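Data first, discussion second: the structure below is written as structure tokens.
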Amino acid sequence: MTDIPGADEYGIDLTIDEAEVERLLDVGPADVEAASELSFARNVFLPLTTACRYTCTYCTYYDPPGQASLMSPEDIRESVRLGADAGCTEALFTFGDDPDDRYTQIHDQLDEWGHDSIHEYLREACEIALDEGLLPHANPGDQTYEEMAQVADVNASMGVMLETTAEVQAHGGPRAKNPGQRLNTIRNAGELGVPFTTGILVGIGEDWTDRAESLLAIRDLHERYGHVQEVIVQPVSNNERWTDGSPSIETQRRVVAMARAALPDEVSVQVPPNLAPARDLVDCGVDDLGGVSPVTDDYVNPDYEWPALRELEDIAEHAGVPLRERLPVYEHFLEDGRQWVSERVRAELDADSPAGERYRAVLEGESLAAD
Ligand SMILES: O=c1nc2n(C[C@H](O)[C@H](O)[C@H](O)CO)c3cc(O)ccc3cc-2c(=O)[nH]1
Ligand SMILES: C[C@H]1O[C@@H](n2cnc3c(N)ncnc32)[C@H](O)[C@@H]1O
Ligand code: SF4
């Protein structure tokens, strides 16, 4: 057992070995191997709703009740079409947690469009993306098993950032994220066999021991289910609500090395190239640059523009490794004999359609020239 807040409540029983924590506290950039290639995905970002039950102090994304918006099915279709035309493969749905819970106007709007819940609407949104030629990757924050089960077969992969196992001020107040509930979401994905993205948010008040413990918690869940495809090491970034700054380059180098040392080889370590100094981190074990968009902003961090493909190539060149485009679901999940990908998604990958051709070109490594 651990003392992670909320872990008992959700029946999360992790084995975190003190000696492993100690080992990770000693790891630095010199102790890990640099990756032999860098991957990235081309995505379009769909901020389904700005309503959120939480009020994280670093977050500029959420709007208070009364002001929050909901993308319409027409908005969604227009955005995914733009993305498909620009050669993207991923529809990234990231939005506020349980928005219909606290905001009556969101609930009423969903009701008007014939939906009982945000997850029912998310299902329709994912169907639109699949129809228009993109593979959905949804991160709706915390999800119960039933909620995730409602959308699992229309997603190529899903995600939620663990952020941290510690209780921090930044999540404070009456509407605080609960680490137990986030771990429960990651476990639900494992139970449902959904390829999963998670990560830690660095610089929100956690200490080094918390970072090691968070990474070991992710490793423990991955060891049980084999479903974690990547772990994002995300530095918190300044915005109009958060002015406490980002972690230093030295801290980021050490935490990336710690992530690489904590996780098995098949789990990628991702840094977002718009928020992190990727060039200065590639020798610390980073092997993925995440989803970058040629058509939409990073709505979570709107002040930080996506680098162009050319800049990603520069980062890879600086590291002396090839740059490779990937799909939102990592390739080993497609090859594995287990059913990681639903019939619905598999049909799109195999389809005799322009989208099917685009997906296969990415898998065959023939995509970069198309930019
Ligand atoms: O554009 C962004 N993409 C984010 N992504 C997208 C990510 O870069 C890609 O969607 C995945 O690598 C899959 O291709 C996230 C995905 C998750 O599952 C969890 C958290 C994030 C966080 C961000 C983010 O802040 N901004
Ligand atoms: C989509 C993910 O974006 C992260 N997120 C929210 N606000 C910030 C910020 N200021 N800087 C960096 N990441 C942030 C959260 O961890 C969320 O899970
Ligand atoms: S980070 Fe996510 S959970 Fe926190 S307030 Fe922003 S939208 Fe809500």
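As the structure is a computational prediction, the values presented were derived from the model and not from experiment. Whatever order the structure lists ligands and atoms in, that order sets their numbers, starting from 1.
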Which residue and non-hydrogen atom of the protein lie closest to [atom], and at what distance in Å?
{"atom": "atom 11 (N) of ligand 2", "value": "Ser237 N, 2.9 Å"}
{"atom": "atom 8 (O) of ligand 1", "value": "Gly291 N, 2.9 Å"}
{"atom": "atom 4 (C) of ligand 1", "value": "Leu92 CD2, 4.0 Å"}
{"atom": "atom 20 (C) of ligand 1", "value": "Asn139 ND2, 3.4 Å"}
{"atom": "atom 5 (N) of ligand 2", "value": "Val300 CG1, 3.7 Å"}
{"atom": "atom 9 (C) of ligand 2", "value": "Asn301 OD1, 3.3 Å"}
{"atom": "atom 23 (C) of ligand 1", "value": "Gln234 OE1, 4.6 Å"}
{"atom": "atom 26 (N) of ligand 1", "value": "Asp298 OD2, 3.2 Å"}
{"atom": "atom 15 (C) of ligand 1", "value": "Ile232 CD1, 3.8 Å"}
{"atom": "atom 13 (N) of ligand 2", "value": "Gln234 NE2, 3.0 Å"}
{"atom": "atom 10 (O) of ligand 1", "value": "Glu90 OE2, 2.3 Å"}

Other residues, nucleotides, ligands: >12 heavy atoms within 6.0 Å of [X] [atom1]:
{"X": "Glu364", "atom1": "CD", "result": "yes"}
{"X": "His115", "atom1": "NE2", "result": "yes"}
{"X": "Glu78", "atom1": "CD", "result": "no"}
{"X": "Glu37", "atom1": "CD", "result": "yes"}
{"X": "Gln105", "atom1": "CD", "result": "yes"}

At under 4.0 Å between heavy atoms, is it the side chain or the backbone of [X] that contacts ligand 2, or both, or neither?
{"X": "Asn239", "result": "side chain"}
{"X": "Pro235", "result": "backbone"}
{"X": "Val160", "result": "neither"}

[X] and [Y]: side chain donor to acceptor below 3.5 Å:
{"X": "Thr197", "Y": "Gln229", "answer": "yes"}
{"X": "Tyr225", "Y": "Glu191", "answer": "yes"}
{"X": "Glu230", "Y": "Tyr330", "answer": "yes"}
{"X": "Ser39", "Y": "Asp288", "answer": "yes"}
{"X": "Ser268", "Y": "Asp287", "answer": "yes"}
{"X": "His119", "Y": "Gln143", "answer": "yes"}
{"X": "Ser72", "Y": "Asp75", "answer": "yes"}

Can you name the atoms of ligand 1, numbered from 1 with element, that are less than 4.0 Å from a heavy atom of [X]?
{"X": "Gly290", "value": "8 (O)"}
{"X": "Thr197", "value": "17 (C), 18 (O)"}
{"X": "Gly159", "value": "18 (O)"}
{"X": "Phe45", "value": "1 (O), 2 (C), 26 (N)"}

Item to check | Worked check of salt bridge (Lys or Arg N to Asp or Glu O under 4.0 Å) between Arg260 and Glu33 | outcome: CA-CA 9 Å; Arg260 187 61 285 165; Glu33 263 182 55; over 6 Å; no

Checklist entry - Counting only heavy atoms, which portion of Lys177 has something under 4.0 Å from ligand 3: side chain, backbone, both, or neither? => result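 Side chain only.
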
Next on the checklist: Please evaluate residues Glu366 and Arg360 with respect to the criterion salt bridge (Lys or Arg N to Asp or Glu O under 4.0 Å), reporting the C-alpha separation (whole Å), side-chain torsions for both, the decisive distance (0.1 Å), and the verdict.
Outcome noted: CA-CA 9 Å; Glu366 291 164 0; Arg360 291 191 295 277; over 6 Å; no

Checklist entry - At a 4.0 Å threshold, what atoms of ligand 2 neighbour a non-hydrogen atom of Met161? => result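 Those qualifying, in numeric order: 16 (O), 18 (O).
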
Checklist entry - Which atoms of ligand 2 have any heavy atom of Glu163 under 4.0 Å away? => result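 Selected atoms, number and element: 15 (C), 16 (O), 17 (C), 18 (O).
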
Item to check | Test: Arg241 cationic atom under 6.0 Å from Tyr62 six-membered ring centre, within 45° of axis | outcome: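 Flagged: Arg241 positioned over aromatic ring of Tyr62.
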
Checklist entry - Under 3.5 Å between some N or O of ligand 1 and some N or O of Arg326? => result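 Yes: some nitrogen or oxygen of Arg326 is under 3.5 Å from one in ligand 1.
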
Next on the checklist: Quick check on Tyr58 - does any of its heavy atoms sit under 4.0 Å from an atom of ligand 2?
Outcome noted: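 The answer is yes: ligand 2 sits under 4.0 Å from a heavy atom of Tyr58.
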
Item to check | Sub-6.0 Å ring centroid separation between Phe45 and His137 | outcome: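 Not close enough - the centres of the two rings lie 6.0 Å or further apart.
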
Checklist entry - Are Arg182 and Asp142 close enough, and set up right, to give a salt bridge (Lys or Arg N to Asp or Glu O under 4.0 Å), and what steps lead you there? => result CA-CA 6 Å; Arg182 316 246 339 145; Asp142 294 326; 3.4 Å; yes

Next on the checklist: Please verify the inter-ring angle class for Trp113 with Tyr121; under 30° counts as parallel, over 60° as perpendicular, anything in between as tilted.
Outcome noted: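 It falls in the tilted class, 30° to 60°.
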
Item to check | contact_flag Trp306 ligand 1 heavy-atom lt 4.0 Å | outcome: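 True for this residue.
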
Checklist entry - What's within reach of atom 6 (Fe) of ligand 3, meaning protein N/O/S atoms under 2.8 Å? => result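 The answer is Cys59 SG.
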
Item to check | For atom 12 (O) of ligand 1, the option (of Glu230, His137, Met161, Met158) bearing the nearest heavy atom | outcome: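 Checking each option, the heavy atom nearest atom 12 (O) of ligand 1 is found in Glu230.
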
